[in-house]
**Student:** 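Quick one: structure below, then a few questions.
All of these numbers come straight from a predicted model, not from anything done at the bench. Per chain, numbering begins at 1; letters A, B, ... match sequence-line order.
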Amino acid sequence: MTITRRRFIKTLGAASALSLGGTPFLALGANRQIVIIGGGIGGTTAARQIRLIDPTIDVTLIEPKQHYYTCFMSNEVLCGKRKLSSIRFDYTGLKALDINVIHDKATHITPNRQKITTKGGKTLSYDRCIIAPGIDFKWESIDGFDEKTARIFPHAWQAGQQTEILQKQLGSMPNGGTVIITPPSGPMRAPHAPYERASQIAHYLKQHKSRSKVLIFDAKIAFPQQALFFQAWEKLFGYGTHSSLIEWYGGPDYALIRLDTASHTIITVAGDRHTGDILNIIPAQQAGHIAATAGLTDTSGWCPVDLHTFESTQHKGIHIIGDACIANPMQKLGSAANSQAKACAAAVTSLLNGRAPGPAVFTDVAYSTMGEAYTFSTVGTYRLAKGSNSLTRVAGGSTPSDASATHLKREAAYAESWFNNLTKDTFG
Amino acid sequence: MKPDYHQYWQPTVFIIGLIFSTLSGNSSAATSDNSNIRLLAGGCNICHGPDGISSGPAIPSIAGLSGEYLRSTLEGFKSGEIPSTSMGRIVKAYNSDELQALAAHYSGRPFINARQPYNPKQAKRGEKLHEQYCEKCHARGGQSVDDDAGRLAGQWRPYLIWALKDFRSGQRIAGKKMQQRLDKLYIRKGKAGFSALLHYYASQKQ
Ligand SMILES: Cc1cc2nc3c(=O)[nH]c(=O)nc-3n(C[C@H](O)[C@H](O)[C@H](O)COP(=O)(O)OP(=O)(O)OC[C@H]3O[C@@H](n4cnc5c(N)ncnc54)[C@H](O)[C@@H]3O)c2cc1C
């Protein structure tokens, strides 16, 4: 009881706490427990929001890493515009809110006993569990590629060490070198981001190694905001000409099936071989491993949920948010994970308090930076139609193709702000 | 026929609910309304920061502005009357009651001045110009929001620069009187005058 009262005061701030006067706080017997697995964008946001909505609930977050590196803005680290430390965050903000952060890895969930076990040997009970484990890679989809090989041929689709490897490789690549990027087929984290990455790398090459090239061999026939990317590439990198810094080849024939590590060569479905100095191989993706272990994924490899609460349709009492869940047509984005976490936090606290969850609005935002003062964006706002489990995009859209230079410059500064504000809203 | 989305909104219930829910902790109907505004504002905070306080460097803070200014600005983005890079694409998702509720929500949150560099000499000069040209409607050195004008003191500088550029170019229409002041200031003091004003607004840190 004293703990929850202290939380109230922390949450409300000193001024409002005074107005509580001497009113004794009524606790509902034993504290309810919410355990969150994964301290990325989704899990961290959920922990904070639950605390802000109902300080009487105990919140535990399980996350193996001491530091989290955002994937968004990690492309800007590659070209040297940002330092790796600028995308690093930690959990002091959560701890200050009296959230129990356990640096450990969840290895097992037993839904019918509402228990979680960890690698470190802990067992935790929950009234509701939220999992936000992000993505895992389908390593088996590429012959010759695995987690170990990825230290030489980085995906950099989970930020941190992988980002650093790719950045260092770019730094030491000779002028005239070739960078190959291979976006996968199927649903993936940040589907616009391979092309933003190509742009950021080309931006770096243009300044430092202008005889080099970025080649994209894409399993997809088309990609998000393609027209805006092509337009930017034409303006900035000579796209479509012989001397273009970027070349893009897309379609099922270009899908990567094999990697020859010794010769730095990728082999496509069509049997073509392409050799590069740097191979940025982005494998096909699925929900983070724990989701499959706990029986929360369907045949697609992602987790079906009731979008009103994000509760699994396969196991009661477990909610899945972020990249791991199926929430089309929202994109698998950090902004979406933050938005889903807010809806889920509201739903879970409502359920624990015996109330019906309120209506949610969802937002996702992606900024793509092409070069100096050249950024465009896509936003989406989504709602649930009444009595259905499907989301509709009710508003949003991309930067118009005839946007002025002034507009693109403003969006560059707004992108920086969005990064600062989203991470502040998430980590505190 | 438009599909029926969950978007019905009753601002009065929410405000009362917010007060009671934070005080009593368990008043059932109240807390659920509290989470309703959280859900509605949740998407805004992704870009504007928690409780509408932006960490910058450019997206404006929207906490503590006047409710009427917020409402009419959001409607202005929606109709296209106020130019924007992204707000116009976003606000179309919300009906007028919801925009009203969002306006009420953010106007009730405290504004926090942005910390940004400024030149003290310029700021001094800007203070005088502000008194002469702008104080009438942007009272207390641009801190007041009582005249349903935007907040100038402590707002992010790039945002203010661009708002002023849009007023100058005619892309955003200012009230007649404000436009006269802007024009006068421009004719008499030129760009340097505006620059001094912006240093003054950045200097206000309370
Ligand atoms: C290059 C790039 C650019 C991007 N650009 C944008 C953008 O412009 N806008 C945008 O909104 N998003 C962007 N994203 C996407 C964004 O990074 C992800 O969508 C977001 O991180 C998803 O959040 P999440 O919480 O689902 O997963 P994550 O943030 O990946 O978090 C998952 C966490 O779970 C932990 N975890 C996993 N398994 C366990 C376990 N068993 N036990 C305990 N913890 C576990 C992991 O350690 C990790 O910290 C981009 C991504 C990339 C790669």
Side-chain angles (χ1 to χ4, degrees), chain A residues 4 8 12 16 19-20 23 25-26 28 49 52-56 335 338-339 342-343 345-346 349-350 353-365 377 379 381-387 392 394-399 403 406-407 410-411 413-414 416-418 420-422 424-425 428, chain B residues 2-9 19 21-26 28-29 31-61 78 83-94 98 110 156 158-159 162 165-166 169:
Chain A
T4 44
F8 249 128
L12 287 174
S16 358
S19 63
L20 282 169
T23 323
F25 175 70
L26 297 169
L28 287 173
Q49 295 296 322
L52 296 178
I53 295 170
D54 188 344
T56 68
S335 43
N338 173 288
S339 197
K342 285 170 180 166
T349 50
S350 291
N353 288 314
R355 292 191 299 263
V361 187
F362 301 93
T363 304
D364 62 14
V365 181
S377 63
V379 297
T381 310
Y382 308 80
R383 288 183 197 258
L384 276 160
K386 276 194 175 162
T392 307
V394 291
S398 300
T399 303
T406 310
H407 179 127
R410 288 183 189 181
E411 289 223 67
Y414 289 144
E416 292 291 317
S417 309
W418 159 80
N420 291 336
N421 288 331
L422 172 57
K424 180 98 183 159
D425 193 51
Chain B
K2 265 184 127 179
D4 188 14
Y5 298 114
H6 290 286
Q7 60 179 25
Y8 301 106
W9 194 252
I19 295 165
S21 66
T22 46
L23 292 185
S24 63
N26 281 316
S28 55
T31 316
S32 81
D33 279 297
N34 177 4
S35 29
N36 278 0
I37 189 66
R38 272 181 196 290
L39 290 175
L40 206 59
C44 315
N45 292 350
I46 288 174
C47 287
H48 286 282
D51 277 338
I53 298 298
S54 171
S55 303
I59 290 184
S61 288
K78 198 171 183 178
S84 66
T85 59
S86 39
M87 282 306 294
R89 287 180 259 153
I90 291 158
V91 284
K92 291 194 180 72
Y94 304 86
E98 290 172 328
W156 287 103
Y159 172 75
W162 297 334
K165 277 201 171 142
D166 290 344
S169 70

**Student:** List for me each residue that meets side chain to side chain contact (heavy atoms under 4.5 Å, CB included) alongside B/P57, sequence neighbours excluded, and say none if there are none.
**Tutor:**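 Here the qualifying residues are A/E416, A/S417, A/N420.
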**Student:** Using a cut-off of under 4.5 Å on heavy-atom pairs, state which of A/L422, A/T399, A/T406 scores highest against chain B.
**Tutor:**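 Highest number of pairs under 4.5 Å: A/T399.
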**Student:** Go through A/S377, A/A343, A/G428 and name the one with the most non-hydrogen pairs under 4.5 angstrom from chain B.
**Tutor:** A/S377
**Student:** Can you tell me which of B/C44, B/S54, B/P83 forms the most heavy-atom pairs within a distance under 4.5 Å of chain A?
**Tutor:**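 Looking at each of B/C44, B/S54, B/P83 in turn, B/S54 comes out on top.
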**Student:** May I ask you to name which of A/P357, A/A403, A/S398 has the most heavy-atom pairs under 4.5 Å with chain B?
**Tutor:** A/S398
**Student:** Would you call B/E98-A/R383 a salt bridge at under 4.0 Å N-O?
**Tutor:** yes
**Student:** Do you know which of A/G397, A/S339, A/A345 has the most heavy-atom pairs under 4.5 Å to chain B?
**Tutor:**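 The answer is A/G397.
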**Student:** Where on A/V365 is there a heavy atom nearer than 4.5 Å to chain B: the side chain, the backbone, both, or neither?
**Tutor:** side chain
**Student:** For a quick test of reading the model, state the closest non-hydrogen atom pair linking A/H407 to B/S84 and the distance between them.
**Tutor:**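 The pair with the smallest heavy-atom distance is CE1-O, 4.3 Å.
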**Student:** Given A/Y382, which of A/D364, A/T392, A/T363 fulfils the side chain to side chain donor-acceptor pair (under 3.5 Å) condition?
**Tutor:** A/D364
**Student:** Give me the atom names and distance for the closest heavy-atom approach of A/A413 to B/A58.
**Tutor:** CB-CB, 3.7 Å
